[in-house]
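Per chain, numbering begins at 1; letters A, B, ... match sequence-line order.
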Protein chains: 2
Amino acid sequence: MGVSLRDVALLAGVSVKTVSNVVNGYAHVSPATRAKVERALSQLDYRPNLSARNLRLGRTGVIALALPELDAPYFAELSRFVIDAAAEQRWLVVIEQTDGSLRRERQVLDGVRDHRVDGVILSPVSIGAEELAARTDDAALVLLGERIYDGPADHVAIDNVRAARDVTEHLIGLGRRRIAALGAQDNSISGTAPLRLAGYAEAMAAHGLPQTIAEVERYRRAEGAAAMARLLAAPEAPDAVFCFNDLLALGAMRTILAAGLRVPEDVALAGLDDIEDGRYSTPTLTTVAPDKAQLARIAVDLLRARLDGRAAGPPREVRADYRLVVRESTAGRVRG
Amino acid sequence: MGVSLRDVALLAGVSVKTVSNVVNGYAHVSPATRAKVERALSQLDYRPNLSARNLRLGRTGVIALALPELDAPYFAELSRFVIDAAAEQRWLVVIEQTDGSLRRERQVLDGVRDHRVDGVILSPVSIGAEELAARTDDAALVLLGERIYDGPADHVAIDNVRAARDVTEHLIGLGRRRIAALGAQDNSISGTAPLRLAGYAEAMAAHGLPQTIAEVERYRRAEGAAAMARLLAAPEAPDAVFCFNDLLALGAMRTILAAGLRVPEDVALAGLDDIEDGRYSTPTLTTVAPDKAQLARIAVDLLRARLDGRAAGPPREVRADYRLVVRESTAGRVRG
DNA sequence: CTGAAAGCGCTTACAG
DNA sequence: CTGAAAGCGCTTACAG
C-alpha cells in the first residue's frame, strides 16, 4: 500500500512502538531516538493509515450531517458552519440528504452501526420522538434545528415559537391587520411548522386579530409562490404575510410583484432563516436570523461531549440565539 | 465493539470464511449452510465493520468533494447531484471547503494519501496545472467545472467560451450595443473567468462593438452589486450586462433596481449557472443552465473508472451540456 | 525509555 | 463446498 510504521521502524532501527510514540507525540522518548525516528519519518514521507488506526481505536474520525436537502440555502449555509466547526476537531463531515423521508433518516442512523461514522447530526423531518427514544444502539446523535419533544437526544435550535411571535408582533406594530401565516404543514411530525404557527397564533390572538393560514407541502420557492396566489385570490386578501421560511417568502414575493402589486405597500412580507438571497432581493426581505454559526458550533460540541464519553447523562436541550432583521419588505424602501 | 464475523461463525457452527462468503454474496455456498448462517446473522443483527473491511481492501468507501464554498447556490446544487450519484456507487461524500485557497486545495489532495478518502472531485481555483501534473502520488482525481489546460487530470466542464459567446450574441440580438462583461478576474490561475471573458470578447469583436469589462475578486452578490454601481457611475452606462455567474447578476440587479432603473428596459441582465434564485427574482434572470446532474454523474463516473483501474490511460476531457435560458431580465416581463 | 507481541475485524490465497 | 491461517497497519497493555 504505502509506507507503514514497520518500514519506518526498520529504517530507524527501532521498534514499531517507538515510532508510534513519536508519531503520536507521546512524552518519554529520548531526544536521540526521537531525532532518529523523525529523520526516517520524513525520509520515507510517512503518512499514517487512518483505516488501520480507526479499526484499532473503534473510531472513524468522520461524522455525518444529515439534512433534508443540501440545495436549500439555509441548509447549505448551515453546513458550511458545521464543516468548519468539525474541522477544528479534525473531523471530516459526510453529508447525507434525507429528502425528509423516514426511510432515509433511519438509514443515516444505521450508518453509525456500520462503523462508517462516529456520530450523526440530524435535521429531522419525519422521524418521531418515540422511535428515537426507542433506539437501542448508543450512537452519538445530535438533533439540529427542529423541535422534537421529550428529548430523545441532544438537541439545539432557536426558540421557534418566540421567533414567530416576534415577527407577527412586528407586522401588527406596522398597522397590518389581515396577516396571514404561510407555511403550515399537515404531515410534519417533528417539524417546526406547528411551533411557528403557534407563535403566530399567540400574537394574533393577543391582539384579537383573525387568523388566515396557508399550508404547503415543502419549504421551497415554488410552493410559496403557489400558496401566495391562493391567498391573493381569496375575497379578503391579506395586507401582510408571515412566511415560515425565506424561500417561501421569496416565492410569495415573486407572485405579488408579478401580479402588479407592491411590497410592502400592498402586502408586507416577512420570512425566517436569513438566507443571503433575501439580502439582495428587491425589496430586501425582513426575516428572523438564527445564529447559524452558533447553532453549528453547539451541535458539534454536543456531539463531541457524547463521543468523549464526557456526557453520559440525559439529553441536553440548548437554545441558540436569533434576531429580527427588519428590511424593505416590511419597512419600505429607501432609494439608493 | 459489536458483533463480529467470528461471533456469527460460532453461533452458526461454521468458519469465519463461510460467513464472509454469505455476507458478500459469493456463490458456491450450500443452501443448508447458507440458511444456517443467515439465521445467525439476523439473530445477532450482524453489521460488518467497514473500518476493518477498508483496512483489508485498502479502500475507505469515501470520496471527497472539494469546492470553494458550499453556501454558493451553484455549488450546493451541484453537491446534491454529486452526493446522489456517489450514493449509487455506495460511496459516502465528504465535503471540503477550500475557499479557493491554494493551501486548502493541496490539503484536500493529501487526504488521499492519509487513506481518509479513496479519491477526490475537486473544483479548483488556485492550484495550477503544473503542480497537478507534477504530483507523484497516484491519487484518483477528477477536476470539475473549471478549465485547467494540458489535462493534468480527468476533467469535466461545459464549454465556457461558447456559452459566454452565446449569451453575448443573445444580448446583441436584442439590439443592445453598450454591453459590459462583469466578472473578470485578475488572480485566477485556472478559473473560468478568462474563458468567459474570451467568449464575450469574441462575440463583441465579431460585431465591431466596444468592450467594457468590470472586475471582481469573488463571485458573490455583494461584489456584483458593487461592480454594477461602478458601471452605472461611468459616463457611458451600459444598456446590457453579461455577468459571469448568477450571483453577480442578482447583486447587479439589486443595484440597478435600487437606483430606480428598470430591468431590462434600461439595462438588460444575463448570468450563468441557473441557480434557483434567478427563477424567482423579479424580473426572472436570463442565464446559461449547465446540466448539473450530468456534470455530477460524469465526475463520479470518471472517478470510478480510475478507482476500478479500468482507466489507466491519459487524462480524459469531457464536455457537459448547457443551454441558454431566456427570461424576463433580457426578454422583458409578462404580467401574470 | 524501549521492545515483542497480541489483537481490532475483515478478506483471501491455499488446502482439502 | 468449507476451513485454518495469514496479514492489512495500527495501538496498547505488559515486560524489562
Side-chain angles (χ1 to χ4, degrees), chain A residues 1-41 44-62 90 111-118 137, chain B residues 1-41 44-62 90 111-118 137:
Chain A
M1 301 171 84
V3 176
S4 75
L5 276 189
R6 199 164 157 280
D7 300 325
V8 178
L10 250 31
L11 178 64
V14 299
S15 78
V16 164
K17 168 74 158 75
T18 302
V19 181
S20 177
N21 284 344
V22 171
V23 168
N24 291 299
Y26 291 151
H28 307 309
V29 179
S30 77
T33 310
R34 179 182 301 278
K36 222 169 30 180
V37 170
E38 271 167 355
R39 203 164 327 117
L41 242 19
L44 294 175
D45 193 19
Y46 171 78
R47 322 282 303 209
N49 181 320
L50 267 0
S51 279
R53 181 179 286 173
N54 292 339
L55 171 60
R56 181 59 230 236
L57 261 28
R59 295 228 173 165
T60 66
V62 180
R90 321 203 108 255
V112 179
R113 300 175 53 218
D114 292 343
H115 305 268
R116 302 203 76 142
V117 297
D118 295 333
D137 59 80
Chain B
M1 301 172 87
V3 176
S4 74
L5 275 189
R6 201 165 155 277
D7 300 324
V8 178
L10 250 32
L11 179 63
V14 299
S15 77
V16 164
K17 168 74 158 76
T18 301
V19 181
S20 176
N21 282 344
V22 171
V23 168
N24 291 300
Y26 291 151
H28 306 309
V29 179
S30 76
T33 310
R34 179 183 300 278
K36 221 168 30 178
V37 170
E38 271 167 355
R39 203 164 327 117
L41 242 20
L44 294 174
D45 194 20
Y46 170 78
R47 322 283 302 210
N49 182 321
L50 267 1
S51 279
R53 181 179 285 173
N54 292 338
L55 171 59
R56 181 58 229 238
L57 262 29
R59 294 226 174 165
T60 66
V62 181
R90 320 202 111 255
V112 179
R113 300 175 53 216
D114 291 343
H115 306 268
R116 301 204 77 142
V117 297
D118 295 333
D137 60 79

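Rounded to whole angstrom, the span from the CG atom of B/L50 across to the C1' atom of C/dC8 amounts to 15 Å. Between the OH atom of B/Y46 and the C1' atom of C/dG9 there is a distance of 7 Å, rounded to whole Å. Computed from coordinates, the A/R47 CZ to D/dC10 C1' distance equals 16 Å when rounded to whole Å. Summarising the geometry, the separation between NZ on B/K36 and C1' on D/dG3 is reported as 13 Å, rounded to the nearest angstrom. Between the CG atom of A/L41 and the C1' atom of D/dG9 there is a distance of 14 Å, rounded to whole Å. We find that CZ of B/R59 is positioned 23 Å from P of C/dG9, with the value rounded to whole Å. Atom CG in B/L5 sits about 19 Å away from atom P in D/dG7, given to the nearest Å. Look at CG on A/L10: it is 12 Å from P on C/dG3, rounded to the nearest Å.
Looking at the side chain of B/N21, the nearest of the listed nucleotides D/dT2, C/dC1, C/dT11 is D/dT2. Of the candidates C/dT2, C/dG9, C/dT11, C/dT2 carries the atom nearest the A/T33 side chain, counting heavy atoms from C-beta on. Considering only the side chain of A/N49, D/dC10 comes nearest among C/dT12, D/dC10, C/dT2. When each of D/dC10, C/dG9, C/dT11 is scored by its nearest atom to the side-chain atoms of B/A52, the top-ranked nucleotide is C/dG9. Minimum atom distance to the side chain of B/R56 is reached by C/dT11, of the listed D/dT11, C/dT11, C/dG3. Looking at the side chain of A/K17, the nearest of the listed nucleotides D/dT11, C/dG3, D/dT2 is C/dG3. You'll find that the side chain of A/L55 is closest to C/dC8, out of C/dC10, C/dC8, C/dA4. Ranking D/dG9, C/dT12, C/dG3 by closeness to the A/V14 side chain, first place goes to C/dG3.
With B/D118 contributing its side chain and B/T60 its backbone, the two residues share a donor-acceptor pair below 3.5 Å. Using a distance-only test at 3.5 Å, with no hydrogens or angles considered, no donor-acceptor pair links the side chain of A/D7 to the main chain of A/V3.
Across all strands shown, D/dA4 forms no Watson-Crick or G-U wobble pair with both distances under 3.5 Å.
Residues B/R56 and B/N54 are not in side-chain contact: their nearest non-hydrogen atoms beyond the backbone lie 4.5 Å or more apart.
The side chain of B/S51 contributes no N or O atom lying less than 4.0 Å from OP1 or OP2 of C/dC8. For D/dG3, the OP1/OP2 oxygens have a side-chain nitrogen or oxygen of B/T18 closer than 4.0 Å. Close to C/dT2, at under 4.0 Å from its OP1 or OP2, lies no side-chain N or O of A/S15. Phosphate proximity of D/dC8 to B/N54: absent, as no side-chain N or O sits under 4.0 Å from OP1 or OP2.
In plain terms, the two heavy atoms of A/V16 and A/R6 that are nearest each other are CG2-CA, 3.9 Å. Between A/G61 and B/R116, the closest heavy-atom pair is O-NH2, 3.4 Å.
None of A/T33, A/L10, A/V8 except one satisfies the side chain to side chain contact (heavy atoms under 4.5 Å, CB included) rule with A/V19; the exception is A/V8.
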